[in-house]
2 protein chains.
Amino acid sequence: MSRAATLGERIRGEIETRILSGEWPPGHRIPFESELSALYGCSRMTVNKVLAGLAEAGLIERRRRAGSFVAQPALQSAVLRIPDIPAEIQGRGEAYAFELIDRRTRESGAHEPPAAGLMPGLALLDLTCRHLADGRPFAYEERLISLAAVPAAAQADFTAVPPGTWLLQHVPWTQAEHRITAVNAAPRLARALGLPAGGACLSVERRTWRGPETLTYVRQTFRGDAYSLGARFSP
Amino acid sequence: MSRAATLGERIRGEIETRILSGEWPPGHRIPFESELSALYGCSRMTVNKVLAGLAEAGLIERRRRAGSFVAQPALQSAVLRIPDIPAEIQGRGEAYAFELIDRRTRESGAHEPPAAGLMPGLALLDLTCRHLADGRPFAYEERLISLAAVPAAAQADFTAVPPGTWLLQHVPWTQAEHRITAVNAAPRLARALGLPAGGACLSVERRTWRGPETLTYVRQTFRGDAYSLGARFSP
DNA sequence: TAGTGGTCTAGACCACTAA
DNA sequence: TAGTGGTCTAGACCACTAA
């Protein structure tokens with residue numbers, strides 16, 4: 001089945017076990033690199049790579065001259081997968097469909113969403129669209145794309161490929177910021193999602209950069225009764 | 001200011017720049033370790049650590065005998081900080097208060113939340129409580145703690161320390177699963193949060209394990225108009 | 001100022017796998 | 001089967017910092 005563990009993996013496993021079992025509580029000093037290399041009969045480099053990995057994972061903290069210490073339990077955090085909507089729907093075994101409701105080119109003004117962080121006077125592509133799963137409304141999407149940062153978007157055919165998927169395939173990004181909120185559906189949104197007015201929706205806002213430049217800002221709104229975000233995490 | 005970059009950091013930066021600028025697109029084969037070590041005049045070990053780091057970060061994929069390749073753009077994902085509620089509120093400069101509404105010891109039955117993954121017949125501590133910011137309702141919390149896994153919880157004083165904070169300080173965990181949804185507040189919940197019935201709320205469910213054993217299951221419900229989850233992420 | 005961690009070298013052997 | 005990446009060795013020098 002699984003190949004034999006390497007020496008580094010074995011050392012890492014034994015240290016992790018002592019930490020996670022509580023045998024080495026937060027603040028406990030773990031053996032120095034020199035002690036561990038003597039203990040396992042290996043070079044210090046092998047131990048160094050193990051401890052560097054544990055530090056990167058947040059399980060230990062390392063201080064020159066002082067040693068390595070079991071870290072205080074991390075604030076819980078979760079790696080959340082922000083899905084590509086077509087892939088998400090097809091992964092459920094449902095038929096994906098996409099509607100481009102509106103597409104216009106305009107300049108950014110004073111009333112852009114503050115979270116978009118767009119200066120006035122930028123050339124924008126302003127898109128409104130809807131994602132459907134098995135013919136039922138799944139998500140409503142409002143998106144702004146900076147044409148200065150992504151000029152090729154002006155020629156893209158967003159009736160054929162949803163803009164999120166197109167961007168993922170064509171434009172590298174360096175940073176993204178997300179904001180997840182719950183909102184009561186306003187009448188227009190409720191109609192678009194096939195919900196009673198006031199129905200709870202999950203709103204995911206995302207702003208994506210390349211370097212200092214905002215590439216795109218999007219707000220995707222999902223029916224609260226049909227969608228949830230899931231995440232699994234280890235410390 | 002910042003100290004000079006090490007050679008490894010410089011190599012990593014130059015490769016990242018080529019990938020993120022699109023000069024090396026997805027699927028592009030990057031130079032072999034031997035080529036890079038010749039190019040930078042360093043040992044192969046130095047290059048190996050750089051490429052291993054890039055692979056761990058998901059920017060490249062490595063295949064024996066074939067080489068290292070720029071990875072397809074990652075599905076967007078986000079590192080979400082699941083906050084310790086008292087720390088979150090105090091971080092906003094607001095006064096934190098906590099109310100323990102109900103505390104009982106009971107056995108798990110057939111009607112536990114399916115996401116809790118609790119077998120029937122387990123000894124449970126069942127807690128209901130409310131978090132307040134500057135005297136206003138902030139979050140409603142329903143929590144189950146397995147007394148088999150965390151016997152010390154039976155003696156803890158949860159009128160003084162909220163259970164989430166107590167657990168974070170006392171119990172190491174190995175894995176957590178989260179589920180984030182939007183819900184319309186049912187009448188009882190709306191009263192507890194000071195919302196009109198049907199108001200949108202953000203619900204965060206979390207199940208936490210140590211090894212194979214469930215430690216705790218919690219559902220925290222936040223006023224949608226007063227709370228959002230934020231996340232910042234690089235690929 | 002003494003001792004830790006951070007980084008690097010110049011090798012080595014091997015598992016894996018694409019050709 | 002040839003060549004890559006994966007891992008390891010036995011050193012070295014240095015920056016940083018706790019004592």
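Hydrogens, waters and symmetry mates play no part in the numbers below; they use all other heavy atoms, side chains included. So you know, we letter chains A, B, ... as the sequences are listed, proteins then strands, and number each from 1.
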Checklist entry - Would one find a side-chain N or O of A/T46 under 4.0 angstrom from OP1 or OP2 of D/dT7? => result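 Indeed not, no polar side-chain atom of A/T46 lies that close.
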Next on the checklist: If you compare every side-chain N and O of B/S68 against the phosphate oxygens of D/dG5 (OP1, OP2), does one of them come in below 4.0 Å?
Outcome noted: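 Checking D/dG5 against B/S68, a side-chain N or O does come within under 4.0 Å of OP1 or OP2.
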Next on the checklist: Counting Watson-Crick and G-U wobble pairs with both distances under 3.5 Å, what is the dot-bracket string for DNA chain C, 5' to 3', using [ ] for crossing pairs and | for pairs to another strand?
Outcome noted: ||||||||||||||||||.
Checklist entry - So what does B/L51 hit on the nucleic acid, given a heavy-atom distance under 4.0 Å: a base, only sugar-phosphate, or nothing? => result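 Nothing: the residue B/L51, judged by heavy atoms under 4.0 Å, touches no strand.
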Item to check | Nearest non-hydrogen partners of A/T214 and A/A149, listed with the distance | outcome: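 Scanning both residues, the minimum pair turns out to be O-CB, 3.9 Å.
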Next on the checklist: Give me the atom names and distance for the closest heavy-atom approach of B/P151 to B/A148.
Outcome noted: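 It is CD-O, 3.8 Å.
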Checklist entry - Between A/Y217 and A/R143, is any pair of side-chain heavy atoms under 4.5 Å apart? => result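 No - every pair of side-chain heavy atoms lies 4.5 Å or more apart.
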d([atom1], [X]; [atom2], [N]) in whole Å:
{"X": "A/N48", "N": "D/dT7", "atom1": "CG", "atom2": "P", "value": "15 Å"}
{"X": "B/F32", "N": "D/dG6", "atom1": "CZ", "atom2": "P", "value": "13 Å"}
{"X": "A/E35", "N": "C/dG3", "atom1": "CD", "atom2": "C1'", "value": "12 Å"}
{"X": "B/M45", "N": "C/dC13", "atom1": "CE", "atom2": "P", "value": "16 Å"}
{"X": "A/R44", "N": "C/dT4", "atom1": "CZ", "atom2": "C1'", "value": "8 Å"}
{"X": "B/R12", "N": "C/dC8", "atom1": "CZ", "atom2": "C1'", "value": "18 Å"}
{"X": "B/I60", "N": "D/dT4", "atom1": "CD1", "atom2": "P", "value": "15 Å"}

Next on the checklist: If the test is side-chain hydrogen bond (donor to acceptor under 3.5 Å, both in side chains), which one of A/E141, A/E99, A/E88 qualifies with A/H131?
Outcome noted: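 Per the side-chain hydrogen bond (donor to acceptor under 3.5 Å, both in side chains) rule, the option paired with A/H131 is A/E141, out of A/E141, A/E99, A/E88.
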Next on the checklist: Using the rule side-chain hydrogen bond (donor to acceptor under 3.5 Å, both in side chains), only one of A/R10, A/E14, A/E35 pairs with A/Y40; which is it?
Outcome noted: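 Looking at A/R10, A/E14, A/E35, the match for A/Y40 under the side-chain hydrogen bond (donor to acceptor under 3.5 Å, both in side chains) is A/E14.
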Checklist entry - Going through the distances and angles, do B/R62 and B/E33 end up as a salt bridge (Lys or Arg N to Asp or Glu O under 4.0 Å)? => result CA-CA 11 Å; B/R62 317 196 72 193; B/E33 291 189 354; 2.8 Å; yes
Next on the checklist: Suppose we screen for side chain to side chain donor-acceptor pair (under 3.5 Å). Which residues come up paired with B/T221, at least two apart in sequence or across chains?
Outcome noted: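 B/T221: no side chain to side chain donor-acceptor pair (under 3.5 Å) contacts found.
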Item to check | Sidechain N-carboxylate O distance under 4.0 Å for A/R207, A/E177 | outcome: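 Result for this pair is no, no salt bridge flagged.
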Checklist entry - Yes or no on side-chain contact (heavy atoms from CB on, under 4.5 Å) for A/F138 and A/R136, after CA distance, side-chain angles and deciding distance? => result CA-CA 6 Å; A/F138 181 80; A/R136 297 186 309 276; over 6 Å; no
Next on the checklist: By nearest atom, which of the nucleotides C/dA10, D/dA12, D/dA10 is closest to the A/S43 side chain?
Outcome noted: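 Minimum distance to the A/S43 side chain belongs to D/dA10.
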With the criterion being N/O to N/O and under 3.5 Å, what pairs connect the protein with nucleotides 17-19 of chain C, and how long is each?
none

